[in-house]
Engineer: 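Mind having a look at this structure? Questions to follow.
This one's a predicted model, so the numbers in the text were calculated from it and none came from an experiment. Below, all heavy atoms of this structure are taken into account, side chains as well, without hydrogens, waters or symmetry copies.
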Amino acid sequence: MTSLTTISLNEGIETINTGAFSGDSNLTSLDILDSVKFIDYQAFSGITLKEFKLPKALETFNYSQDMPNLEKWIISSDAANFIVDDRVLYTKNYTTLVNFPIKKDPTNFVINNLTTEIVTHAFDHTTITNINFDNISKINSYAFFEAKELSKATFSNKLTFIGSSAFSGCINLSEVIFSEASSDNQLLEVENQVFASCSNLASITLPKYLVNIGDSMFANDTKLTTVTILGNIKYLGLLSFSKTGITELEITFDDNANIGSRPFLDTKLEKLTIHFVDNITTYLTINSLGLGVNPNIYVDNEEIKTKLKEAWANLNETTGLIEVKGTISPEFTIEDNVLIQYNKSLSSDPTKIIIPDGVTKINIGVFTKLDEALYIYIPSSVVTIEVEAFSNTSNVLEIELGHDDPTILANETYLYRQLGYKDNSKTIFAIKDSSKIDAFKDQFSMFKTNVTIKNKDDVNLDYDRKELYSNDKSIIYNSNTTSENYSFITEVKTINNNAFKGNKTIKTINWNNVETIGNNAFNSASNITKLGFSDKITSIGISSFAYTPNLTNVKFDGATYISESSFYQSEDEGLSYNITNLDLGNKITGIGDNAFMYACKNVNVFIPDSCDDLTGCSFDYFSNDEESSVYFECSISKYTDDTFLENFLSSCRENYDIVVAFYSSSAPSEADIATGYNFYHYDSNNNKVLY
């Protein structure tokens with residue numbers, strides 16, 4: 001009620017509920033009777049009073065710092081449950097600080113020495129710069145939320161609880177100090193996002209009595225680079241260190257500990273050292289989404305390595321990163337930090353090649369015949385890769401580089417020769433910094449096929465399916481599937497360029513929710529026999545099904561654009577004219593140049609009226625047979641470009657003597673017939689009549 005200026009409440013009212021006077025922004029006088037015992041959150045949200053008098057009978061007051069001009073609380077000195085001291089509201093015995101008014105001047109403020117608890121939102125959005133936490137044992141949720149002037153927090157050994165987002169958004173908080181020991185050996189309980197978005201916090205030491213690191217506890221602390229963890233951790237929360245600056249971390253985990261989803265997402269963590277308490281019975285478990293990053297993971301001995309791999313069996317990509325501290329995997333021969341040989345027969349998992357951290361150079365010919373490898377990791381310690389160090393990497397799905405700037409690896413002959421990249425490679429390169437993608441791509445500029453480079457956090461390798469996806473799996477980047485009757489997972493909507501190029505096993509495809517098929521996606525997939533495109537598919541890329549000599553049946557159900565050379569076949573005898581059944585449906589939007597060149601034999605093609613984009617060479621080079629035909633389900637008047645008609649007819653009719661006819665609702669006129677083109681319509685029995 002924005003016109004309301006004054007109000008007086010009736011005698012006997014004891015409760016004011018949530019939002020009761022919220023938004024009454026012009027209220028300048030509010031008489032709250034002393035009979036009121038309960039006031040709930042946001043009861044006075046948006047009211048612009050500078051002073052606020054509370055009823056002396058008040059027993060419960062829930063307040064979320066939502067009166068924007070408040071400078072002072074007032075309450076009768078004989079109130080039973082609350083007291084005001086220096087304009088700040090406390091409980092009567094001072095044990096709990098209820099609220100510090102948002103516009104109160106914090107200069108010289110000292111919290112009462114009897115206070116042990118700070119209530120939810122107590123200092124929310126205030127300009128408090130420092131505070132004495134010596135006697136504080138409990139700090140509730142949002143207590144200092146976005147208190148942007150607070151620069152330091154030093155906690156005593158009495159602290160036992162910090163609520164969710166208690167210090168979140170304190171952008172000037174640069175120092176957080178915990179007591180070395182806790183009083184009476186009590187553990188410190190923390191909830192989620194406690195220090196999230198504290199963008200000036202660079203380092204922190206977590207005490208022994210903190211054993212659970214809350215969800216998103218330090219998320220978005222972009223300057224945080226140094227974290228020392230003294231306790232035995234029971235839980236490392238989801239996204240707990242996401243978007244921080246840490247590059248290495250050492251943690252000791254307790255028995256039966258757990259890691260939540262992607263605690264290091266969007267970080268540059270390269271080295272994670274994991275220890276365990278003695279006499280452990282149940283090893284650390286991890287959420288199925290993993291760490292959110294792929295650091296080198298070091299443990300203390302082979303037994304721990306084996307046990308941890310068993311516990312993380314659901315994360316093949318992550319288990320491949322686990323090594324015993326100070327040892328090198330047996331498949332690598334390394335001399336003076338130079339990698340001189342790789343023996344896949346000694347590898348526990350040849351699908352993953354994790355080059356050990358510390359290697360500075362990879363010699364020529366180290367990685368050949370990589371027919372099983374799906375993933376290769378090159379650590380940032382590598383500064384030199386000899387030409388032809390890698391060869392035959394065409395089927396490797398992902399090569400990840402740990403370098404801040406991977407272009408430093410390129411020598412005078414370009415990086416593609418060092419990494420064994422060829423024109424038919426399906427490899428996706430995963431790098432740390434998206435801003436380096438264009439510069440890195442320049443190292444592959446001589447290829448006609450666009451090399452694909454992604455941020456490492458945007459790729460998701462499925463070792464079971466032998467496929468690489470975007471992080472949300474909406475894009476399939478490449479696949480080494482050996483399935484005959486292939487089905488896309490439901491998340492996939494886009495098929496990347498070259499994703500299935502050269503596949504030798506797929507015969508039929510279930511598209512599920514696919515919408516876009518990239519260039520060359522199934523080029524030379526030589527075993528495909530039948531394709532039925534769902535109505536969800538909107539576009540088929542250039543040469544996407546070219547050189548598929550066993551493809552005989554093609555059917556479309558939706559509004560699909562067929563790009564140039566999509567179904568182009570070879571002009572070589574025995575590798576052409578394989579499509580004998582082509583159904584374009586009634587929704588096709590366009591057909592590009594040479595889309596079906598050398599493809600069709602003994603077919604009756606009906607081009608629907610929906611097809612508004614058609615080139616003269618779309619069906620160039622039919623087989624020399626008189627059983628093929630092309631029927632336009634539109635009238636000849638749709639095509640005003642004589643050049644199109646001339647090109648299309650010369651390609652189909654004149655060169656190959658097949659029927660090309662345009663629809664006419666009845667017998668064509670003499671003028672139509674004089675054009676020399678064929679026409680057709682349907683009689684009363686739905687039989688085709690050709691002129």
Side-chain angles (χ1 to χ4, degrees), residues 530-540 551-562 566-567 577-691:
K530 182 178 181 181
L531 291 171
F533 295 99
S534 74
D535 60 3
K536 296 178 181 178
I537 294 176
T538 58
S539 64
I540 297 177
L551 179 61
T552 59
N553 292 271
V554 180
K555 184 178 186 297
F556 293 87
D557 288 331
T560 305
Y561 182 81
I562 304 170
S566 290
F567 295 89
Y577 309 125
N578 46 294
I579 297 176
T580 56
N581 190 337
L582 175 59
D583 182 355
L584 295 175
N586 58 13
K587 298 178 182 177
I588 288 292
T589 60
I591 305 174
D593 277 342
N594 307 322
F596 292 94
M597 181 178 279
Y598 297 115
C600 297
K601 178 180 181 180
N602 299 330
V603 292
N604 292 314
V605 180
F606 288 84
I607 298 177
D609 192 33
S610 61
C611 186
D612 293 324
D613 185 358
L614 186 65
T615 71
C617 300
S618 298
F619 288 89
D620 207 355
Y621 291 94
F622 271 80
S623 63
N624 287 313
D625 69 84
E626 297 180 2
E627 297 182 31
S628 292
S629 58
V630 178
Y631 290 95
F632 285 86
E633 294 184 343
C634 62
S635 71
I636 196 170
S637 63
K638 183 171 183 174
Y639 301 102
T640 58
D641 185 350
D642 291 337
T643 303
F644 164 77
L645 292 175
E646 182 181 345
N647 289 341
F648 193 91
L649 294 175
S650 65
S651 297
C652 296
R653 184 181 68 177
E654 295 175 15
N655 293 345
Y656 300 102
D657 197 27
I658 67 172
V659 174
V660 176
F662 297 90
Y663 181 74
S664 177
S665 59
S666 59
S669 66
E670 291 183 6
D672 285 340
I673 293 175
T675 63
Y677 302 131
N678 296 104
F679 298 88
Y680 75 100
H681 68 87
Y682 296 96
D683 63 19
S684 58
N685 295 318
N686 206 34
N687 294 317
K688 192 183 292 96
V689 181
L690 183 64
Y691 298 85

Engineer: Any chance NZ of Lys530 has more than 12 other-residue heavy atoms, nucleotides or ligands included, within less than 6.0 Å?
Structural biologist: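 Not buried by this count: 12 neighbours or fewer within 6.0 Å.
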Engineer: Return the CZ to SG distance between Phe596 and Cys617, rounded to the nearest 0.5 Å.
Structural biologist: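 If I round to the nearest 0.5 Å, the distance is 14.5 Å.
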Engineer: Return the OG to CE distance between Ser566 and Met597, rounded to the nearest 0.5 Å.
Structural biologist: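 Output value for this atom pair is 13.0 Å.
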Engineer: Which pairs of donor and acceptor atoms, one on a side chain in residues 578-592, lie under 3.5 Å apart (sequence neighbours left out)?
Structural biologist:
residue: Asn578; atom: ND2; partner: Thr548; partner atom: O; Å: 3.2
residue: Asn578; atom: ND2; partner: Leu551; partner atom: O; Å: 2.4
residue: Asn581; atom: ND2; partner: Asn553; partner atom: OD1; Å: 3.4
residue: Asp583; atom: OD1; partner: Gly585; partner atom: N; Å: 2.9
residue: Thr589; atom: OG1; partner: Thr560; partner atom: O; Å: 3.3

Engineer: Return the CD1 to CZ distance between Ile636 and Phe679, rounded to the nearest 0.5 Å.
Structural biologist: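 Nearest 0.5 Å value for the CD1-CZ distance: 4.0 Å.
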Engineer: Carefully, step by step, assess Lys688 and Tyr682 under the rule side chain to side chain contact (heavy atoms under 4.5 Å, CB included).
Structural biologist: CA-CA 5 Å; Lys688 192 183 292 96; Tyr682 296 96; 4.2 Å; yes
Engineer: Please check this pair: side chain of Asn685 against backbone of Asn687, looking for a donor-acceptor N/O pair closer than 3.5 Å.
Structural biologist: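 It does not hold such a pair.
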Engineer: Roughly how far apart are Asn594 CG and Thr615 OG1, rounded to 0.5 Å?
Structural biologist: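 Reported to 0.5 Å precision, the distance equals 7.0 Å.
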Engineer: Apply side chain to side chain donor-acceptor pair (under 3.5 Å) to the pair Ser629 and Asn604, showing each step before the final yes or no.
Structural biologist: CA-CA 5 Å; Ser629 58; Asn604 292 314; 2.4 Å; yes
Engineer: For the side chain of Tyr680 and the backbone of Phe632, is there at least one donor-acceptor N/O pair under 3.5 Å apart?
Structural biologist: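 Yes, Tyr680 side chain to Phe632 backbone: donor-acceptor pair under 3.5 Å.
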Engineer: Not counting sequence neighbours, list each pair that qualifies as a side-chain hydrogen bond (donor to acceptor under 3.5 Å, both in side chains) and has a residue in residues 658-671.
Structural biologist: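 Qualifying pairs: Ser669-Asp672.
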Engineer: Is the Phe556 ring parallel, tilted or perpendicular to the Phe567 ring (thresholds 30°, 60°)?
Structural biologist: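 Perpendicular.
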Engineer: Apply side chain to side chain contact (heavy atoms under 4.5 Å, CB included) to the pair Val603 and Ser628, showing each step before the final yes or no.
Structural biologist: CA-CA 5 Å; Val603 292; Ser628 292; 4.1 Å; yes
Engineer: To the nearest 0.5 Å, what is the distance between CD (Glu633) and CD1 (Ile607)?
Structural biologist: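 That separation rounds to 9.5 Å.
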Engineer: Does Phe606 have any ring pair (Phe, Tyr, Trp, His ring centres under 6.0 Å) partners at least two apart in sequence or in another chain, and if so, which?
Structural biologist: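 Per chain and number, Phe606 pairs via ring pair (Phe, Tyr, Trp, His ring centres under 6.0 Å) with Tyr631.
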